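Written out below as structure tokens is the structure these notes cover.
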Protein chains: 2
Amino acid sequence: MARPTRPLAQLAPAPSPRGVPEATVARLPLYLRALTSLSDRGVATVSSDELAETAGVNSAKLRKDLSYLGSYGTRGVGYEVEFLRHQITREIGLTQDWAVVIIGIGNLGHALANYGGFASRGFRIAALVDADERRSGEEVAGLKVRHSDELEDVIETLNISIAVVATPAHAAQAVCDRVVAAGITSILNFAPAVVQVPEGVELRKVDLSTELQILAYHEQRKNGAALALTAEQAVELAKAVRG
Amino acid sequence: MARPTRPLAQLAPAPSPRGVPEATVARLPLYLRALTSLSDRGVATVSSDELAETAGVNSAKLRKDLSYLGSYGTRGVGYEVEFLRHQITREIGLTQDWAVVIIGIGNLGHALANYGGFASRGFRIAALVDADERRSGEEVAGLKVRHSDELEDVIETLNISIAVVATPAHAAQAVCDRVVAAGITSILNFAPAVVQVPEGVELRKVDLSTELQILAYHEQRKNGAALALTAEQAVELAKAVRG
DNA sequence: GGGCACTTGTGAAGCCATGCACAAAGTTGC
DNA sequence: GCAACTTTGTGCATGGCTTCACAAGTGCCC
Ligand SMILES: NC(=O)c1ccc[n+]([C@@H]2O[C@H](COP(=O)([O-])OP(=O)(O)OC[C@H]3O[C@@H](n4cnc5c(N)ncnc54)[C@H](O)[C@@H]3O)[C@@H](O)[C@H]2O)c1
Ligand SMILES: NC(=O)c1ccc[n+]([C@@H]2O[C@H](COP(=O)([O-])OP(=O)(O)OC[C@H]3O[C@@H](n4cnc5c(N)ncnc54)[C@H](O)[C@@H]3O)[C@@H](O)[C@H]2O)c1
């Protein structure tokens, strides 16, 4: 008999016995995206091979990752898309929405504030803050930009969980210090600066120049290899001519 | 006698005997940033401890990383800031500028195009491309936005090495296919989509929603732990009351 | 010129992540 | 109810990265 909806497991609330590896955590959003896409296409059940393909990872890795969350598949069948999606959503903590403040409403801050993709992924841009008086009061993405004097007040009043730092590099440490003092324990930093935070505060950084530099390294390597090859060929050629 | 400028080593061109670990490559830009900052402050020589502190990493790791590039330090002294900076710059391949095309000039594309930080880090935004007719001709950051029909032409004519993809997710694969066909072998993708590229093409992705979701996971975990503790305390309390 | 203080460069150990390969478990068909 | 088939969950081997700890090398001082 095909089991219909897994009522029992759905009621049992919190598996993940203790500690999901960090590398796995970083891939859960990827699986969630893949599952959402399958769900939109009306797929009800998926095997680890198919899901791995959709998410662009190795299927053994996918299965091992999922095994850290619990035993949510059915041998011989695969995974129920909606059910697994729900489990991952719960594991990541996206059954609730998280309130986010963006600090530094310049080029990047504007783009982030106007981005529509966060809402559908569990985040609500709740406030925008900038130090520049001239920006205060400006309306961006339906929100008034607040002056940074109000930062602590905004964080407390709006019950903000996550701070996104998009200020110039030289201001990043001071801004992080302030939000941490105001009780924030999760920060996403776009400024190219080394920022220190106390134990217990999660700091992630996105550095676009670094990404480009890593690409440049590989690009150069390819070119260098090509040149070396050419040089070798040149020697061969020289030999041939001489010989 | 203190050695003045290391003329010999500077002439010897290409160390890095073969293969720098990927994890190390990803940190070289960080070291470069730290060295630039020290250089700006007029520091001439730095120990691995100090440099590691500036870059926010463990000093043993820093020394091991640098050892993959060559033996550029002086025991008992440390590293010459300018010299090391030059070596890392050369290793990453930033002695030349790399021409970049940004594809998809929406919220994010605008921010990237207007960002001043790329130029100083070895990258030149050489072209902007968008599929929307209405954007073609618009001037952004001193460049005319070109229509995507011209994509291949732009890549070839301007000798572009790196493509930055900032289109909606549904267009990302097609755009990547086109730039790869046009000869590009380095792509930075901002669209939240799984993109396949052939062997030999370097694809890096930046997914901001994923970053936030990882933060949410940890945030939830902290809260959950707090709640669990409270529950435990509640049991203790209940016992105490009953006992 | 020899000893002391300092710092690099690296061998070695331990840790974590990856991926293979297969037993266990479930389904389907007869 | 059994056999053949499918697919999960995981033990295990492998490899890469991190960190420790120290020998080897360098400069300085007397
Ligand atoms: N724009 C990009 O595409 C891009 C790319 C890579 C990195 N970055 C980094 O992201 C950060 C923001 O970039 P940007 O291009 O938006 O810069 P920007 O100069 O356009 O905007 C920075 C904003 O931060 C505000 N600000 C300054 N100090 C502040 C403080 N103490 N508190 C609150 N707000 C403050 C400024 O008033 C300004 O509005 C920078 O660190 C930059 O290096 C940006
Ligand atoms: N804006 C952000 O802060 C942000 C944050 C996270 C992720 N992203 C991702 O980055 C991408 C861009 O985001 P955005 O906010 O700038 O979106 P956007 O809709 O503002 O801009 C997308 C642009 O791409 C152009 N485009 C569409 N198809 C194209 C094609 N085939 N070739 C060339 N151009 C094409 C559109 O005309 C538009 O100008 C999206 O995939 C988004 O999910 C953006």
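It should be emphasised that the depicted structure is a prediction, and the values quoted were computed from it without experimental measurement. Convention: sequence-line order gives letters A, B, ...; per-chain numbering from 1.
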Any protein N or O atoms within reach of nucleotides 12-15 of chain D? Criterion: under 3.5 Å, listing atom names and distances.
residue : atom : partner : partner atom : Å
D/dC12  : N4   : A/Lys64 : NZ           : 3.1

Report all interatomic pairs (protein N or O, nucleotide N or O of nucleotides 4-7 of chain C) with separations under 3.5 Å.
residue : atom : partner : partner atom : Å
C/dT7   : O4'  : B/Gly76 : N            : 3.1

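Residues from residues 199-211 of chain A placing a heavy atom under 4.0 Å of any atom in DNA chain D do not occur. The stretch residues 26-38 of chain A touches DNA chain C through A/Arg27, each having a heavy atom within less than 4.0 Å of the strand.
When the side-chain nitrogen and oxygen atoms of B/Asn58 are compared with OP1 and OP2 of D/dC20, one or more of them lie within a distance under 4.0 Å.
For A/Thr24 and A/Ala60, each mapped to the nucleotide of DNA chain C holding its nearest heavy atom, the one lying further toward the 5' end belongs to A/Thr24.
A salt bridge (Lys or Arg N to Asp or Glu O under 4.0 Å) check over residues 24-50 of chain A, counting only residues at least two apart or in different chains, returns the pairs A/Arg27-A/Asp65, A/Arg33-B/Asp207.
For the pair A/Asp65 CG and D/dT10 C1', the computed distance is 13 Å after rounding to whole Å. Rounding to whole angstrom units, OH of residue B/Tyr72 and C1' of C/dT8 are separated by 15 Å. What separates NZ of A/Lys61 from P of D/dT7 is a distance of 22 Å, to the nearest Å. Rounded to an integer number of Å, the gap from CG of B/Leu62 to P of C/dT10 is 14 Å. A straight line from CD of B/Glu50 to P of C/dT8 spans 9 Å, rounded to a whole angstrom. B/Arg63 places its CZ atom 15 Å from the C1' atom of C/dA12, with the value rounded to the nearest Å. Atom pair A/Leu69:CG and D/dT10:P shows a separation of 12 Å (rounding to whole Å applied). The distance between atom OH of A/Tyr68 and atom C1' of C/dC16, rounded to the nearest whole Å, is 9 Å.
Not one N or O on the side chain of B/Gln213 forms a donor-acceptor pair closer than 3.5 Å with the backbone of A/Ile92. Between the side chain of B/Lys222 and the main chain of A/Thr185, a donor-acceptor pair closer than 3.5 Å is present. Proximity of a side-chain donor or acceptor of A/Glu80 to a complementary backbone N or O of A/Ala44 within less than 3.5 Å is not detected. Remark: the backbone N or O of B/Leu32 is paired with a side-chain donor or acceptor of B/Thr36 at under 3.5 angstrom. Judged purely by atom type and a 3.5 angstrom limit, A/Glu202 has no side-chain atom pairing as donor or acceptor with the backbone of A/Ile187. Under the 3.5 Å distance criterion, the side-chain polar atoms of B/Trp98 are left unmatched by any main-chain donor or acceptor of A/Leu212.
When heavy atoms are screened at a 4.0 angstrom cut-off, A/Ala23 is found touching the sugar-phosphate backbone but no base atom.
Checked by atom type, the side-chain pair A/Glu219/B/Ser161 shows no donor-acceptor distance below 3.5 Å. With no hydrogens or angles considered, a side-chain donor-acceptor pair links B/Glu82 and B/Ser39 at under 3.5 Å.
With sequence neighbours excluded, no residue satisfies ring pair (Phe, Tyr, Trp, His ring centres under 6.0 Å) with B/Phe190.
When the options B/Lys64, B/Arg63, B/Lys61, B/Glu53 are evaluated for a side chain to side chain donor-acceptor pair (under 3.5 Å) with B/Ser48, the one that passes is B/Arg63.
A 4.5 Å side-chain heavy-atom check between A/Val164 and A/Asn189 finds every atom pair outside the cut-off.
Taking the six-membered ring where the residue is Trp, the centroids of B/Tyr72 and B/Tyr79 are separated by 6.0 Å or more.
Rounding to the nearest 0.5 angstrom, the gap separating the CG atom in A/Leu35 from the CD1 atom in A/Ile88 is 5.0 Å.
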